[in-house]
Every structure is written in structure tokens, then in C-alpha cells.
Amino acid sequence: MRIRSWKLRLGLVVSTTLLGAGALAPIASAAPAAPAVQPAQVLAHHGSGSGNGSGPLGKIFGGSGSGSGTGGVKIGQGSVRVGDNVCAGRCNGTVNGTNGSGGGICAGLCNGSANGGDGTTGPVGGNGTDGGKGGVCAGVCHGSANGGNGGNGGAAPPGGDGGDGGRGGNGGICVGVGCESSGLGGRGGDGGDG
């Protein structure tokens, strides 16, 4: 079989990697916890030159940086999660963006996962914010990796105009079952009342 699509190749690489991690979840959760320093803490500490966990590794592995990934590595309930951005295994409804942020990466049972966050409604006379870009889904993906909807424009101030609605986020990458309802762009927000 010849693989021509770069999206399919990327999906196969991501799904193979993350599903392998998901398969190890029951084994890892049965192992006794070590009281010593955990690898996630070490990686978060060494993720940047300043040692505060704000570098790329710190964001993924739960450092104190300002990235959207929080919480470190979590294993349980049939899944492996890395922060708020990556999930492998039974991950239905997870790693979705919030307030216009992008969706994460999901591999396995991902129904309703890795969607971009919806934008927020603009203030009075202000524009709504854009929806987040859809993430990556590989596996069972019904309703996953969709872009977030744009936020609605703010209501008009007295004598003024309402704000514009935000743009819908672009759809992400979907490889697997249920992709006909996945990877779709978000809806643009409505203009403000006025």
C-alpha cells in the first residue's frame, strides 16, 4: 500500500506513538509510585534556561510557565494524559481548547476531543474574539479536531454600532473513523446588536 497524503502519514506517526503510550497505561498505573523526584518534574525544571519550567518542555510536562499545558503526566481510567494538550487511550471529550485556544492532540477513543475553543463575546461596541484552531485526532474521532466558533460581537453603545463577530477557527487534522464529522472550520460569530 502506498501512502500519498502527508496528513495520513502524520496521523499514523502520532497515533502509533500515542497509542503505544496508551497501551502501557494499565502497566504503569499498576507499578508502585516512586517517592523520588519524578521525570516530569525534572523535565519541567530543565525545560528552559532559567529553570522555571516556562520553556517548551515545561509547558508540556506541567511546569509553572504560562503555557496552556498544566498538570504533568496523568495515568488512569484507561488513558495517558500529558498536561491539558495530549491524550492517548480513552479520551472522549478531552484536550479541547477554551476561550479561543487551539485543540490538543488525541489518539484512541477521541469522540468530541481536540476541538478548538470558542471565541468570547466582545465588550459593548467591541469585536468578538476568533475561535481556536482544531487540533489533531487519530483513532475514533466523531466530532473531533473541529475549529472553535467565533465569539459574537458586542452590543452597540448608544448611538454606535455593534462589534463584528470573531472568525471561526480552522479545522484540524483527522485520521481514522468518524472524520466526516471532524476537522471542520468553526462558525463565525454574529455581529453585535444595534
Side-chain angles (χ1 to χ4, degrees), residues 1-31 39-40 43 56-57 59-62 67-119 129-151 166-189:
M1 176 174 105
R2 195 165 170 188
I3 299 175
R4 295 174 190 243
S5 168
W6 68 269
K7 289 182 181 180
L8 181 58
R9 289 180 187 156
L10 175 64
L12 289 173
V13 169
V14 170
S15 62
T16 302
T17 303
L18 294 177
L19 287 175
L24 295 176
I27 298 167
S29 61
L43 288 172
L57 288 176
K59 290 178 183 178
I60 294 173
F61 289 103
S68 59
T70 59
V73 178
K74 296 178 185 172
I75 300 171
Q77 298 179 344
S79 69
V80 175
R81 291 192 59 181
V82 180
D84 294 332
N85 297 323
V86 179
C87 186
R90 285 195 298 249
C91 302
N92 293 331
T94 61
V95 297
N96 291 313
T98 57
N99 297 330
S101 65
I105 299 172
C106 184
L109 298 176
C110 300
N111 295 321
S113 298
N115 293 310
D118 291 341
T129 61
D130 294 344
K133 185 175 192 265
V136 176
C137 180
V140 180
C141 300
H142 298 284
S144 299
N146 295 318
N149 296 322
R167 287 185 57 237
N170 293 331
I173 297 171
C174 182
V175 178
V177 177
C179 289
E180 65 277 359
S181 65
S182 300
L184 306 174
R187 181 189 70 78

Distance from Arg81 atom CZ to Cys91 atom SG, nearest 0.5 Å?
-> 7.5 Å
For the Cys pair Cys179 and Cys174, is the SG-SG distance shorter than 2.5 Å?
-> yes
Does Asn146 offer a backbone N or O that forms a donor-acceptor pair with the side chain of Asn115 under 3.5 Å?
-> yes
For Cys141 against Val175, the heavy-atom pair lying closest together | SG-O, 4.0 Å
Polar side-chain atom of Asn96 near backbone of Ala114 as donor-acceptor pair, under 3.5 Å = yes
Which pair of heavy atoms, one from Ala145 and one from Ile173, lies closest together, and at what distance?
-> CB-O, 3.7 Å
Could you tell me which non-hydrogen atom of Ser182 sits nearest to which non-hydrogen atom of His142, and how far apart they are?
-> OG-C, 3.8 Å
Can you tell me if Asn170 uses its side chain to pair, donor with acceptor, with the backbone of Lys133 under 3.5 Å?
-> no
Under 3.5 Å, side chain of Ser144 to main-chain N/O of Cys110, donor-acceptor pair present?
-> yes
Side chain of Thr94, backbone of Ser113: donor and acceptor closer than 3.5 Å?
-> no
Taking every heavy atom of Val95 against every heavy atom of Ile105, the minimum-distance pair comes out as CG2-O, 3.9 Å
Only counting residues at least two apart or in another chain, list the ones meeting side-chain hydrogen bond (donor to acceptor under 3.5 Å, both in side chains) with Arg167.
-> none
